[in-house]
Student: 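What follows is a structure written as structure tokens; I'll ask about it next.
If you read the sequence from its start, that first residue is 1, and numbering goes on from there.
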Amino acid sequence: MRHCSDTRPTAGMPAWRSVPVARDRRWTGDLRTAVRCAVALFGLLLSIDGGTGGLTWWRAVLWLALSAGLLGALCPTRVSAGEGWLAACAPLRHRRVRTDRLVSVRVMDGVSRRLVLRDALGARVEIDPRTLVDNPALWCRLEEDARKSAASGCLRYGRSALRDLAEQVDRETALTVFRISGLEP
């Protein structure tokens, strides 16, 4: 029996085997919205400052920096998953976790809910659980690998969090099917 922190390749599994990567389908739309908000703020600040007659080049640079800061704050995290891994890429950081060697899965409540995944190698990824609910391919990839992790004995904490998330995904999927078919309650 393999230990969960064993990082050796599995015997008989070719390294060249390509598995489709699941990506967040809403990411480009969310990025477009963030860019629109930043551009709108920049235009609004320039027009107000220009209307009052106080617009100078250094103030325009200041407004540009403020708009860039807003873009950085609103820029969504790009989530993708493949066989055995899940990655979350934000503007200034890229994190990746081995989902086939998960140790814990936690849902952190607060201003915004976060799903925190930790693997046996010490890596940690935080994502919005709504991303998994809105992207069934990402959820299926994570769920399949989490089952492998639980079967191998690695997953020590978080089975109830995964079960709750699975129920939420199933509920949202059923509501979407009802909505599309015209049977909405």
Side-chain angles (χ1 to χ4, degrees), residues 19-41 67-151 154-185:
V19 177
V21 175
R23 300 186 196 290
D24 184 1
R25 298 178 313 205
R26 291 183 328 148
W27 183 80
T28 53
D30 291 346
L31 181 63
R32 259 188 241 117
T33 301
V35 169
R36 286 182 189 140
C37 288
V39 168
L41 177 67
S67 298
L70 177 67
L71 178 61
L74 294 179
C75 191
T77 301
R78 184 174 208 167
V79 180
S80 57
E83 185 174 353
W85 60 270
L86 184 132
C89 301
L92 298 177
R93 70 180 187 277
H94 177 83
R95 305 224 175 176
R96 191 174 183 143
V97 70
R98 293 290 309 260
T99 52
D100 57 349
R101 288 181 172 78
L102 285 176
V103 174
S104 73
V105 177
R106 296 180 187 205
V107 177
M108 307 294 273
D109 289 324
V111 174
S112 64
R113 288 183 68 198
R114 307 302 293 165
L115 183 69
V116 181
L117 305 169
R118 289 185 185 269
D119 67 10
L121 304 173
R124 178 178 182 255
V125 169
E126 286 186 36
I127 61 172
D128 183 4
R130 191 81 204 153
T131 303
L132 297 174
V133 172
D134 292 341
N135 296 283
L138 280 173
W139 167 247
C140 288
R141 179 87 307 216
L142 175 63
E143 184 182 32
E144 181 181 325
D145 290 338
R147 283 185 185 159
K148 288 178 187 175
S149 182
C154 280
L155 188 61
R156 295 183 213 123
Y157 180 81
R159 292 180 190 191
S160 63
L162 285 171
R163 194 172 28 255
D164 293 344
L165 193 56
E167 289 172 5
Q168 184 180 1
V169 169
D170 291 343
R171 188 178 324 111
E172 291 290 326
T173 304
L175 287 173
T176 302
V177 168
F178 286 145
R179 195 174 309 122
I180 290 171
S181 64
L183 299 172
E184 190 172 2

Student: Got a sec, which residues hit side-chain hydrogen bond (donor to acceptor under 3.5 Å, both in side chains) with D145, two or more places apart in sequence or on another chain?
Tutor: T99
Student: Check side-chain hydrogen bond (donor to acceptor under 3.5 Å, both in side chains) between R124 and all other residues, then give those that pass, not counting sequence neighbours.
Tutor: E126
Student: Step by step, work out the side-chain contact (heavy atoms from CB on, under 4.5 Å) result for L155 and L162.
Tutor: CA-CA 11 Å; L155 188 61; L162 285 171; 3.8 Å; yes
Student: From R159 CZ over to L102 CG, what is the distance, rounded to the nearest 0.5 angstrom?
Tutor: 11.5 Å
Student: Under the salt bridge (charged side-chain N to carboxylate O under 4.0 Å, His left out) rule, what pairs show up with a residue in residues 103-112, not counting sequence neighbours?
Tutor: D109-R113
Student: Output the distance between atom CG (L117) and atom CD1 (I127), rounded to the nearest 0.5 Å.
Tutor: 5.5 Å
Student: Pick from V133, L132, V177: which one makes a side-chain contact (heavy atoms from CB on, under 4.5 Å) with E172?
Tutor: V133
Student: Do you know the tightest heavy-atom contact between A38 and L71?
Tutor: CB-CB, 3.8 Å
Student: Could you tell me which non-hydrogen atom of H94 sits nearest to which non-hydrogen atom of A87, and how far apart they are?
Tutor: CE1-CB, 4.0 Å
Student: Crowded around R114 CZ? As in, over 12 foreign heavy atoms under 6.0 Å?
Tutor: yes
Student: Identify which one of V103, V116, L142, D119 satisfies the side-chain contact (heavy atoms from CB on, under 4.5 Å) criterion when paired with V97.
Tutor: D119
Student: Taking only residues two or more places apart in sequence, or in another chain, which ones meet S149 in a side-chain hydrogen bond (donor to acceptor under 3.5 Å, both in side chains)?
Tutor: none
Student: Could you go step by step and tell me if L31 and C75 meet the side-chain contact (heavy atoms from CB on, under 4.5 Å) rule?
Tutor: CA-CA 6 Å; L31 181 63; C75 191; 3.7 Å; yes
Student: With sequence neighbours left out, write down each residue that passes side-chain contact (heavy atoms from CB on, under 4.5 Å) with T176, or none if nothing qualifies.
Tutor: R179, I180
Student: If you measure from CZ on R101 to CH2 on W85, what distance do you get to the nearest 0.5 Å?
Tutor: 15.5 Å
Student: Tell me every residue that passes side-chain contact (heavy atoms from CB on, under 4.5 Å) with A73, counting only those two or more places apart in sequence or in another chain.
Tutor: none
Student: Where do D100 and G84 come nearest, in terms of heavy atoms and distance?
Tutor: OD1-O, 3.4 Å
Student: May I have the list of side-chain donor-acceptor pairs in residues 20-29 shorter than 3.5 Å, sequence neighbours left out?
Tutor:
from	atom 1	to	atom 2	distance (Å)
D24	OD1	R26	N	3.1
D24	OD1	N135	ND2	2.8
R25	NH2	D134	O	2.8
R26	NE	D134	OD2	3.2
R26	NH1	D134	OD2	3.1
W27	NE1	P76	O	3.2

Student: Can you sort out the partners of A166 under side-chain contact (heavy atoms from CB on, under 4.5 Å), two or more places apart, ordered by chain and number?
Tutor: W139, E143
Student: With side chains defined as the heavy atoms from C-beta onward, is the minimum distance between R156 and R118 less than 4.5 Å?
Tutor: no
Student: With side chains defined as the heavy atoms from C-beta onward, is the minimum distance between L165 and V107 less than 4.5 Å?
Tutor: no
Student: To the nearest 0.5 Å, what is the distance between CG on D164 and OG on S160?
Tutor: 6.0 Å
Student: Under the rule for side-chain contact (heavy atoms from CB on, under 4.5 Å), what residues qualify as partners of C140, not counting sequence neighbours?
Tutor: none
Student: Would V79 and L138 satisfy side-chain contact (heavy atoms from CB on, under 4.5 Å), going step by step from the backbone distance to the final call?
Tutor: CA-CA 8 Å; V79 180; L138 280 173; 4.1 Å; yes
